[in-house]
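Each chain gets a letter, A, B and so on, in the order the sequences are listed, and its residues count up from 1.
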Amino acid sequence: MSTDDASAPATPAATATAGKATPLAPHYDPHAAALRYYPEWEASGVFRADPHAPGEPYCIVIPPPNVTGNLHMGHALNNTLQDVLIRYKRMDGYNVLWLPGTDHAGIATQWVVERQLRAQGIERREMGREKFLECVWQWKDQSGGNIVRQLRRLGVSCDWSRERFTMDEGLSKAVRENFVRLYEEGLIYRATRLINWDPVGLTALSDLEVETEEGVQGEIWSFAYTLTELAGAAEGETAQEIVVATTRPETMLGDTAIAVHPDDTRYAHLIGRTVRHPFVDREIPIIGDAILVDPAFGSGAVKVTPAHDFNDHEVGIRHNLPMISIFTPDGKVNANGGAYAGLDRFEARARVKADLEALGLFRGRQDHVMTLPKSQRSGAVVEPMISTQWFMRMKPLATPAVGAVEHGFTTFWPDQWKNTYFAWLKDVKEWCISRQLWWGHRIPAWHCGSCQHVTVGRTDPTECAKCGSTDLGQDEDVLDTWFSSALWPFSTLGWPEKTADLAKYYPTAVLLTGFDIIFFWVARMMFMGLHHMGQVPFKDVYIHGLVRDEHGDKMSKTKGNVVDPVQTIDRVGVDAFRMTLTALAGLGRDILWSEKQVEAWSKFQNKIWNAYRFLHMHVAEKPAPAVPGPYDRWILARLGTCVRNVRAALDGYRFDLATAEIYQFTWYELCDWYLEFSKPALYGPDDGAQGEAKRAARHTLWTVFHALSRLIHPIAPFFGEELWRNLPGHEAPDSGAGTVMLAAYPRGDDFPEDPVALAEIARVQDAIIAVRRIRSEKNLSPKIGLTAFNGGALTAAFASQAAALRDLANVVVATGERPAQAAVVVVAGEELWIDLAGVLDTSKERERLTREIERLDKSIQFLEARLGNEAFVAKAPPHLLDKSRAELAGEIDKRASLRGALAAV
RNA sequence: UGGCACGUAGCUCAGUGGAAGAGCACCGCCUUGACACGGCGGUGGUCGCCGGUUCAAUCCCGGCCGUGCCAACCA
């Protein structure tokens with residue numbers, strides 16, 4: 001497959017850049033690079049994994065996007081970070097597999113197709129199951145390629161030859177195997193329970209698919225039940241009624257008890273008596289229940305509707321109450337509701353209230369802010385209903401999943417997310433896994449028409465396992481989408497077959513995902529992986545934040561602040577896009593997407609490109625090594641530090657720090673200093689000592705870019721490849737010809753530390769900065785050459801750096817007397833007298849020196865206080881003590897110099 | 001109500017038990033031979049508040065205030 005040509009912008013033809021291409025195009029063209037390199041990578045097989053190849057395995061399975069979805073910023077972030085890791089590890093010699101795929105997304109997808117059909121006036125139930133499924137498959141085939149094409153635009157290096165779909169043949173087999181095994185083990189069972197029901201979607205939901213809408217304006221409505229006359233009424237009893245309150249008056253049609261607290265003196269004597277239901281022919285007992293009832297709340301009496309409320313349901317079980325369902329699946333009152341039968345839930349509420357009022361039973365109302373349970377998909381108010389469904393027993397599965405994280409087999413990044421994971425698993429409810437949908441994995445259970453026995457099997461049965469009847473019908477329901485997702489880390493590798501992939505790549509290295517699906521997905525993969533594979537599915541779980549807009553608001557269509565990743569890539573190029581995402585991806589932080597940041601990273605890309613053009617101006621082929629000078633040694637040592645920091649950052653999932661590190665090194669050390677330092681040599685003569693310096697500079701420059709192109713490639717893949725391919729002498733056999741994807745990621749050891757060079761360069765930098773500062777303060781043009789005199793020590797120190805001082809600060813350092821008009825600075829403990837004859841403003845110079853001396857005064861005061869503190873001297877670590885003493889001495893010397901200068905001005 | 005985060009320069013965020021950092025923004029100066037998508041110099045912070053531990057706290061501990069998220073919720 002190729003990249004998404006249709007949505008790629010028209011760009012100038014890719015620059016022909018093979019071999020020595022000097023000069024380079026003035027700007028890097030990310031679109032041309034992407035169009036050229038992605039198909040080439042894919043065709044060449046570099047994305048493909050081989051379980052038989054050597055190398056320690058490093059595997060990531062993609063969080064599968066909805067097959068019919070479109071790429072949003074969350075996907076972009078998630079997949080960019082995965083690709084950064086995958087490319088880094090691949091270059092580092094691991095046997096890498098990044099396994100891509102998509103999810104059938106049961107409810108979501110069925111919902112979309114249903115809506116499309118409804119728009120054409122077709123109801124799915126009229127068209128029938130088979131035909132409807134054809135339509136869904138058609139929609140899947142038609143739109144299912146979008147997300148995968150869009151992922152390619154991101155530059156992801158997935159092994160597309162292993163692409164999976166949750167409803168493909170292999171995964172369906174895994175789903176069935178899982179169901180059958182757990183059924184045989186007694187971990188999956190069928191039962192009649194109170195479950196969450198979506199009266200619009202007409203399906204059961206798991207707890208997780210129910211979302212609560214907060215702050216809904218409602219009311220608490222109170223009414224009275226009249227006591228039934230009974231023999232044995234207490235002497236002198238006055239209470240003829242008992243008042244209850246509810247936010248849902250219509251549920252009183254299903255009331256089967258009134259509960260009071262057994263110790264409540266107001267009511268205790270009523271326990272055992274009954275009230276008369278005003279609308280249906282039923283006497284309702286008054287019961288005592290200390291768990292449900294808080295005597296201090298409201299009237300202290302609670303109506304109990306065991307068939308439509310989870311707390312009441314528990315009461316019903318405790319007291320063996322009748323459980324009367326009063327609703328039809330689509331949320332209307334059923335025959336148990338007597339005169340109200342046929343009314344919608346909300347109509348019934350109004351009617352019940354009116355009728356209670358008419359009977360004089362209304363006892364008051366008050367406003368009440370409440371939370372409403374709503375279906376994640378349909379948005380309908382969820383109705384607890386008693387229903388026969390399939391369930392998974394969670395306790396035996398959850399316990400090992402908790403243990404695995406407690407014992408460190410799996411680590412959460414950041415660590416605190418394990419609390420969320422534990423909290424859910426330790427109090428996990430049974431998982432309702434059946435859905436009354438058509439799109440999904442159909443439950444492999446057959447109901448016998450004659451003996452009602454349920455036959456579950458790996459192959460479709462032809463007769464009842466119990467009575468042998470052939471009157472069998474397959475269960476109508478499908479499985480929760482997350483049932484198949486839970487198997488993803490091993491089903492995609494071939495489970496239940498014992499494949500080479502499974503043996504090599506399970507457990508996977510890391511899972512990257514958002515916190516919103518820790519329950520839905522991460523926890524379930526954990527317990528399923530442990531159950532079937534005996535090992536955790538991933539060693540690390542990296543939880544990233546949400547991508548928000550620049551104000552920190554959630555992106556939403558209604559707010560109109562949604563950023564489209566594909567459009568952004570079209571505009572700025574995928575490399576800058578990815579650099580921005582990774583730079584913003586701090587651990588445990590949401591990402592505030594900002595156009596300013598994109599701009600900054602685009603500029604950075606341009607900055608590197610220009611430095612790269614500079615390389616090409618001076619280097620035409622791979623340079624031979626030469627003896628490095630101080631500048632060369634310095635930048636190579638700095639590069640080593642950069643490499644070590646980038647690696648440490650990536651190893652700790654600090655994508656932000658890795659990206660920033662490359663930025664800082666490239667801009668502030670390579671471009672601001674090294675390139676300038678190297679110019680005198682590069683523009684100088686070819687012979688003698690200067691010739692050697694020139695050759696060394698060429699080699700160093702090349703070496704730095706040789707490393708930089710590899711260093712940046714995981715983050716900015718096409719850019720890194722473009723730099724790599726166009727390195728002068730790229731085609732030379734020993735220069736790492738071919739794709740950067742297979743080049744070795746730079747190692748810190750390649751560029752050892754060099755304290756001598758570091759100190760030497762720091763000194764000349766100090767001098768340059770000091771002179772520039774004076775120049776800026778005195779408003780002296782850079783064109784005015786300055787002379788800085790000193791006692792001789794600095795002249796000697798800077799003997800070999802005269803060219804740098806001249807080019808970077810337009811200053812000559814010379815031995816001589818202090819001029820009458822001079823600005824004094826201290827470099828490396830030595831006074832440097834910058835000759836300002838004719839331009840020195842003495843009063844301003846006095847101000848400057850005074851300011852500087854004041855600063856030193858404070859510093860000295862601080863250090864003296866510290867060193868005068870006996871406790872500090874006694875308890876502080878020796879190195880700090882030495883450092884403080886040295887600093888104090890230095891500052892005092894410096895102050896003496898400046899005081900002398902001030903007196904002389 | 002409980003849990004988990006977060007609170008550092010105007011904005012977005014790094015950071016460490018030893019005298020506060022970056023990007024963007026802002027203010028000067030500069031068309032120097034990679035780059036004006038640039039260069040040089042600079043302004044800017046009681047590190048939310050109050051206590052405690054320590055020779056030393058922005059960092060560790062406790063409390064409070066504010067913000068966000070998650071989970072439970074009172075009929």
Mind checking the [atom1] distance from [N] to [M]? Whole angstroms is fine.
N     : M     : atom1 : result
B/C64 : B/C74 : P     : 27 Å
B/C65 : B/U46 : P     : 24 Å
B/C27 : B/C69 : P     : 36 Å
B/C6  : B/C13 : C1'   : 12 Å
B/G45 : B/C40 : P     : 25 Å
B/C50 : B/G66 : C1'   : 15 Å
B/A20 : B/A56 : C1'   : 16 Å
B/A22 : B/C73 : C1'   : 44 Å

A/I834 CD1 to A/L836 CG distance, which is reported to the nearest 0.5 Å: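 With rounding to 0.5 Å, CD1 (A/I834) is 6.5 Å from CG (A/L836).
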
Taking [atom1] from [X] and [atom2] from [N], how many angstroms apart are they, rounded to a whole number?
X      : N     : atom1 : atom2 : result
A/F412 : B/G3  : CZ    : P     : 20 Å
A/F310 : B/C74 : CZ    : P     : 12 Å
A/E676 : B/C30 : CD    : P     : 19 Å
A/H544 : B/A5  : NE2   : C1'   : 17 Å
A/I784 : B/U32 : CD1   : P     : 16 Å
A/D427 : B/A72 : CG    : P     : 9 Å
A/R589 : B/C13 : CZ    : C1'   : 6 Å
A/F677 : B/G39 : CZ    : P     : 16 Å

A/P680 and A/D807, any side-chain heavy atoms less than 4.5 Å apart: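 Answer yes - side chains close enough.
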
Regarding [X], tell me which of base, sugar-phosphate or nothing describes its non-hydrogen contacts under 4.0 Å with the strands shown.
X      : result
A/P877 : base
A/H879 : nothing
A/I518 : nothing
A/D309 : nothing
A/R654 : sugar-phosphate
A/A611 : base
A/S299 : nothing
A/D672 : sugar-phosphate

Shortest non-hydrogen contact from A/P30 toward A/V572: CG-O, 4.0 Å

Can you confirm if the NZ or CZ of [X] lies within 45° of the ring axis of [Y] and under 6.0 Å from the centre of its six-membered ring?
X      : Y      : result
A/R772 : A/W673 : yes
A/R524 : A/W431 : yes
A/K426 : A/F422 : yes

A/K607 (side chain) and B/C37 (base): donor-acceptor pair under 3.5 Å: no

N/O donor-acceptor pair, side chain A/S594 with base B/C11, under 3.5 angstrom: no

Among [options], find the nucleotide with the atom closest to the side chain of [X].
X      : options             : result
A/A871 : B/C4, B/C37, B/C55  : B/C55
A/Q416 : B/C4, B/A14, B/C69  : B/C4
A/M617 : B/G33, B/C55, B/C73 : B/G33
A/N606 : B/G41, B/C69, B/C35 : B/C35
A/K875 : B/A71, B/A75, B/U54 : B/U54

Please work out which of the three classes, parallel, tilted or perpendicular, describes the rings of [Y] and [X], given edges at 30° and 60°.
X      : Y      : answer
A/H616 : A/Y612 : perpendicular
A/W417 : A/F515 : parallel
A/Y631 : A/F677 : parallel

Position toward the 5' end of RNA chain B (nearest nucleotide), A/L675 or A/L592: A/L592

Residue met sooner reading RNA chain B from 5', once A/D294 and A/T212 are mapped to nucleotides: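 Closest to the 5' end, via its nearest nucleotide, is A/T212.
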
Can you tell me the pairing partner of [N] across any strand shown, Watson-Crick or G-U wobble, with both distances under 3.5 angstrom?
N     : answer
B/G7  : B/C65
B/A19 : none
B/G45 : none
B/A71 : B/U1
B/A14 : none
B/C40 : B/G28
B/C35 : none

Restricting both atoms to N or O, compile the protein contacts to nucleotides 19-23 of chain B shorter than 3.5 Å, with distance only.
| unit_1 | atom_1 | unit_2 | atom_2 | d |
| --- | --- | --- | --- | --- |
| B/A19 | N6 | A/S859 | O | 3.4 |
| B/A19 | N6 | A/S859 | OG | 2.3 |
| B/A19 | N1 | A/S859 | O | 3.2 |
| B/A19 | N1 | A/S859 | OG | 3.3 |
| B/A22 | O2' | A/Q664 | NE2 | 3.2 |
| B/G23 | OP1 | A/Y668 | OH | 2.3 |

Looking at [X], does any N or O in its side chain come under 4.0 Å of the phosphate oxygens OP1/OP2 on [N]?
X      : N     : value
A/W667 : B/C37 : no
A/R775 : B/C40 : no
A/N779 : B/G28 : no
A/H27  : B/C35 : no
A/R773 : B/G41 : no
A/K783 : B/U31 : yes

Option among A/R349, A/K303, A/E383 that satisfies the side-chain hydrogen bond (donor to acceptor under 3.5 Å, both in side chains) test with A/T251: A/K303

Side-chain donor or acceptor of A/R775 paired with backbone N/O of A/A809 under 3.5 Å: yes

Salt-bridge contact A/K374-A/E211 (side-chain N to carboxylate O under 4.0 Å):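 No, A/K374 and A/E211 are not salt-bridged.
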
